[in-house]
Protein chains: 2
Amino acid sequence: MAIHTPTPSNKTTFEPQHDQVREIIYLIRRLMQAGSLYTKELNKNYQVSAPQLNCLLVLYENGPLPPSRIASLIMVKSSTVTGVIDRLEHKGLVKRMRNSPDRRVINIELTDAGKTLAQNAPPPIQQKIVDGLKRLPQNKMESITHNLQLLVHLLDAQDLEIEHPYEEPPPPL
Amino acid sequence: MAIHTPTPSNKTTFEPQHDQVREIIYLIRRLMQAGSLYTKELNKNYQVSAPQLNCLLVLYENGPLPPSRIASLIMVKSSTVTGVIDRLEHKGLVKRMRNSPDRRVINIELTDAGKTLAQNAPPPIQQKIVDGLKRLPQNKMESITHNLQLLVHLLDAQDLEIEHPYEEPPPPL
DNA sequence: TAAGAAATATTTGTACTAAAATATTCCATT
DNA sequence: AATGGAATATTTTAGTACAAATATTTCTTA
């Protein structure tokens, strides 16, 4: 997603809040860049990217899983997961097992190396947020939640379908 | 950035706010998916992706620009811009001009087709946010700004360098 | 003026992401 | 049992994104 510095655009003339809108968009952009930068950093220090690490962690926490289930848990499409697993398998961190009675299903298992890495893994990016949030008073957190919901709303929530929606289906909007 | 459903992880045991942290992370993830989904939708209806559209728009608003300047305005690296321009040029929407006295510099110009598209372009994703935000009372907007700043802060702002930081350099943190 | 540093654009290599098409297997209905 | 439809995983194709390496040109400074 490439949000650039908003500019007085073709049609619309901007009202007083212009600068604030500008800053909000800028902040969203930075939020997103935080993710990709964290991935790069991970890769340097641990030879795994953030999606790869997330994949290892859900396997560590849930035991062997088929790709479709992994996709659902880490919220990407299964065609994406295939590639992530390819790379993890190539590094000897997971292996594909065709051990289900249903022979369409492949189970992904952690190898010993994969388990070790999952145990000693650096915190996934969530942890950074979690650690920060813990230092905030409760009402701040409520405020953040509320405002994020508002933003997601603005971005047209009904377009945001993912393969299998979270865990419990997301609250109706 | 792949944020998965947060889980009681390796080391950390979670405190009462657990569910709220979980929701915040989920919301951030959705915010980010909104972007990529919007890109896909754009591509279907207008044959340009969001980065491509943003590129066209900054050219429309600022006149011919070198790739480095475009990179700065749409906040991506110039190696990324090269590819975006390649695709736009291939579609006949822009052309590369070597018309600067400094012969390292290449200027990207809109073609007539590019201008037309920029004029009739669908709103970039920002517009969606803008339109939504306009319906909100001023104090809501302030609240959103404040909370986003907080979040960006948590994600370790000093790691978030970009090639040329925005316009005025972002506020010191 | 010559050598080295800086700026600009591009190339190369890797990863992620998703839609669409494909192959395989399973299941239900006839 | 056979056909058609659903589920599962993969391949293909295309786009975004970035770091690192490269080539070219300009600037600096010695």
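Note that these values count all heavy atoms, side chains included, but never hydrogens, waters or copies made by symmetry. Each chain gets a letter, A, B and so on, in the order the sequences are listed, and its residues count up from 1.
Taking only side-chain nitrogens and oxygens, A/S49 never comes nearer than 4.0 Å to OP1 or OP2 of C/dA15. In this model, the phosphate group of D/dT8 is not approached by any side-chain N or O of A/S78 to a distance below 4.0 Å at OP1 or OP2. The side chain of B/S79 contributes no N or O atom lying less than 4.0 Å from OP1 or OP2 of C/dA9. Contact check, B/R96 against C/dT10: a side-chain N or O comes under 4.0 Å of OP1 or OP2. Of the side-chain N and O atoms in B/T82, one or more sit less than 4.0 angstrom from OP1 or OP2 of C/dT10.
Relative to the side chain of B/R103, the nucleotides C/dA19, D/dT26, D/dG15 differ in distance, and D/dT26 lies closest. For A/S68, the side-chain atoms get nearest to D/dA9 when compared with the rest of D/dA9, C/dT8, C/dA18.
Of the possible polar contacts, none joining the B/S78 side chain to the B/A71 backbone as a donor-acceptor pair under 3.5 Å is found. B/S72 places no side-chain N or O within donor-acceptor distance of the main-chain N or O of B/S68, the cut-off being under 3.5 Å.
For D/dA9, the base has no donor-acceptor partner in the side chain of A/R104 [N/O atoms by modelled type, under 3.5 angstrom].
Among the protein residues, A/R98 comes within range of no part of the nucleic acid, since none of its heavy atoms lies under 4.0 Å from any strand.
As rounded to whole Å, 14 Å separates atom P of D/dA17 from atom CG of B/D86. Here the P atom of nucleotide C/dC26 and the CD1 atom of A/I106 are 12 Å apart, to the nearest Å. To the nearest angstrom, C1' of C/dT17 lies 11 Å from CD1 of A/I74. If you measure from atom CD1 of A/I70 to atom P of C/dT17, you get 13 Å, rounded to the nearest angstrom. Look at CE on A/M75: it is 17 Å from P on C/dC16, rounded to the nearest Å. Between the P atom of D/dA21 and the NZ atom of B/K77 lies a distance of 16 Å, rounded to the nearest Å. The separation between A/R87 atom CZ and C/dG13 atom C1' is 13 Å, rounded to whole Å. D/dA14 atom P lies 17 Å from atom CG of B/L88, rounded to whole Å.
Comparing B/D102 and A/D102 against DNA chain C, the residue whose closest nucleotide sits nearer the 5' end is B/D102. Of the two residues contacting DNA chain D, namely B/G83 and A/V81, the nearest-nucleotide position lying further toward the 5' end is that of A/V81.
Taking every heavy atom of both residues into account, A/G92 and A/T111 meet most closely at O-OG1, 2.6 Å. Contact between A/K91 and A/Q47 at its shortest, heavy atoms only, is NZ-O, 2.8 Å.
Of the residues B/L56, B/N54, B/N62, the one that meets the side-chain contact (heavy atoms from CB on, under 4.5 Å) test with B/V58 is B/N62.
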